[in-house]
Engineer: 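Sending over a structure as structure tokens; questions will come in a sec.
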Amino acid sequence: MKHKAATLTGLLTLALMILALFMVFDWVPTEAEQGIVQRIFYFHVACAWVSFAAFGLVAICGIFYLWLGHEIFDELGYTAAEGGMVFCTLVLITGSIWAKPIWGTWWTWDSRLTTTLILWLLYGGYLMLRAMGGDSPQTARFAAVVGIAAAADVPVVIVSVRLWRTIHPAVLVTRAGGHGLEDPRMVVTLLVSLAAFTALMVWLLMTRIALLRAGTRLRALAREVGLARAALEDL
Amino acid sequence: MDNFNYLFAAYSIIFAAIFLYVMFIWRRQTRIEADVRTLETRLQAVRDTLEARAEATRSASL
């Protein structure tokens, strides 16, 4: 049943991704000021959305893990942090590629870029803690606290374009109110891209959790084999 | 077609990263599944040996 759900989510992701690519490269009109390079925007924003959602999920799972102590919340939080890191890295890379032809530089210490880099570093620390700390419940508790604290940077990244002076475009909600997309087809393309990346993230989470579960089963089996062998030697 | 290289680079990197992450998950999944199967076989072998010995002990005591 779970395998079937993962397959269906995978197929939905593939279909949405193909549709999003068709819309980005063929259907949506080219933006007047920036030209063709503005098309990076659709997947750049989608990557940002899934990374923020994933980090939010890490925080929610951290709260529930500290509260209830169920292992599933720890596993889900870990997988969400890993996926979030992949997409946050893509946000920084694609943003940098977009910035070069538009701003004339690969990187600038703009408020949104800086707060996003801080977010990336915070969750990099979270994943290092998980990698170095092993499987103990203490590591899981520390990681839950780090995951919750780090998620506080997500709203800061979102509102940074309105709080501080910045050259980063405020596209979704402009400073004057409303959105900055001039053509309705741009909005539709963005929404399809967001749906495609959301489905991709859900599919990655399902697959990664299955992997973690298999790892847990492997460790339990190894213990069982060790015990059975000890019993055999005792005879 | 100004700046097409940047657009191509951005989308190539996105799909390359997703592909590599999926491959990383898939390879680990395959390895873990193989390890689970090996351990299950070993466990069954040890259990069979234990049962055979227990049977032999019972027969000897009768």
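The sequence lines fix the lettering, A, B, ..., with proteins before strands; numbering per chain opens at 1. Predicted model only: the values in this text are computed from it and were never measured.
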Engineer: Which pair of non-hydrogen atoms, one from Val36(B) and one from Ala214(A), has the smallest distance, and what is that distance?
Structural biologist: CG2-O, 4.1 Å
Engineer: I want to check something: taking the side chain as every heavy atom from C-beta on, are Glu82(A) and Phe24(B) in contact at a cut-off of under 4.5 Å?
Structural biologist: yes
Engineer: List the steps and the verdict of salt bridge (Lys or Arg N to Asp or Glu O under 4.0 Å) for Glu33(B) and Arg217(A).
Structural biologist: CA-CA 10 Å; Glu33(B) 277 171 5; Arg217(A) 169 144 175 75; over 6 Å; no
Engineer: Side chain from CB out, backbone as N, CA, C, O: work out which of these in Tyr6(B) comes under 4.5 Å of a heavy atom of chain A, or both, or neither.
Structural biologist: both
Engineer: Nearest 0.5 Å, please: how far is CE in Met17(A) from CZ in Phe15(B)?
Structural biologist: 5.0 Å
Engineer: Give the minimum heavy-atom separation between Leu211(A) and Arg28(B), together with the two atoms involved.
Structural biologist: CD1-C, 3.6 Å
Engineer: Count the heavy atoms of every other residue, nucleotide or ligand shown that sit under 6.0 Å from CH2 of Trp103(A), and state whether that count exceeds 12.
Structural biologist: yes
Engineer: CG of Asn3(B) to CD1 of Ile102(A): how many Å apart, nearest 0.5 Å?
Structural biologist: 6.5 Å
Engineer: For the side-chain contact (heavy atoms from CB on, under 4.5 Å) test, which of Arg42(B), Glu40(B), Arg37(B) pairs with Leu221(A)?
Structural biologist: Glu40(B)
Engineer: Kindly give the heavy-atom pair with the smallest separation between Leu39(B) and Val225(A), and that separation in Å.
Structural biologist: O-CG2, 3.7 Å
Engineer: How about Tyr11(B) and Tyr42(A): do any of their side-chain heavy atoms sit closer than 4.5 Å?
Structural biologist: yes
Engineer: Nearest 0.5 Å, what's the CG-CD distance between Leu43(B) and Glu224(A)?
Structural biologist: 5.0 Å
Engineer: How long is the straight-line distance from CD1 of Ile13(B) back to OG of Ser96(A), given to the nearest 0.5 Å?
Structural biologist: 9.0 Å
Engineer: Would you mind telling me which of Phe43(A), Phe25(A), Trp203(A) has the largest number of heavy-atom pairs within less than 4.5 Å of chain B?
Structural biologist: Phe43(A)
Engineer: Who among Thr207(A), Ile40(A), Val37(A), Thr94(A) has the most heavy-atom pairs with chain B under 4.5 Å?
Structural biologist: Ile40(A)
Engineer: Within a strict 4.5 Å, meaning less than it, do heavy atoms of the Tyr21(B) and Arg208(A) side chains meet?
Structural biologist: yes
Engineer: To check you understand the geometry: which heavy-atom pair defines the closest contact between Gly215(A) and Ile32(B), and what is its length?
Structural biologist: N-CG2, 3.9 Å
Engineer: Check whether Leu20(B) gets within reach of chain A through its side chain, its backbone, both or neither, counting any heavy atom under 4.5 Å.
Structural biologist: neither
Engineer: Looking at CD1 of Ile14(B) and OG1 of Thr89(A), how far apart are the two atoms once the value is rounded to the nearest 0.5 Å?
Structural biologist: 12.0 Å
Engineer: By a 4.5 Å heavy-atom criterion (distance strictly below it), what part of Leu90(A) contacts chain B: side chain, backbone, both, or neither?
Structural biologist: side chain
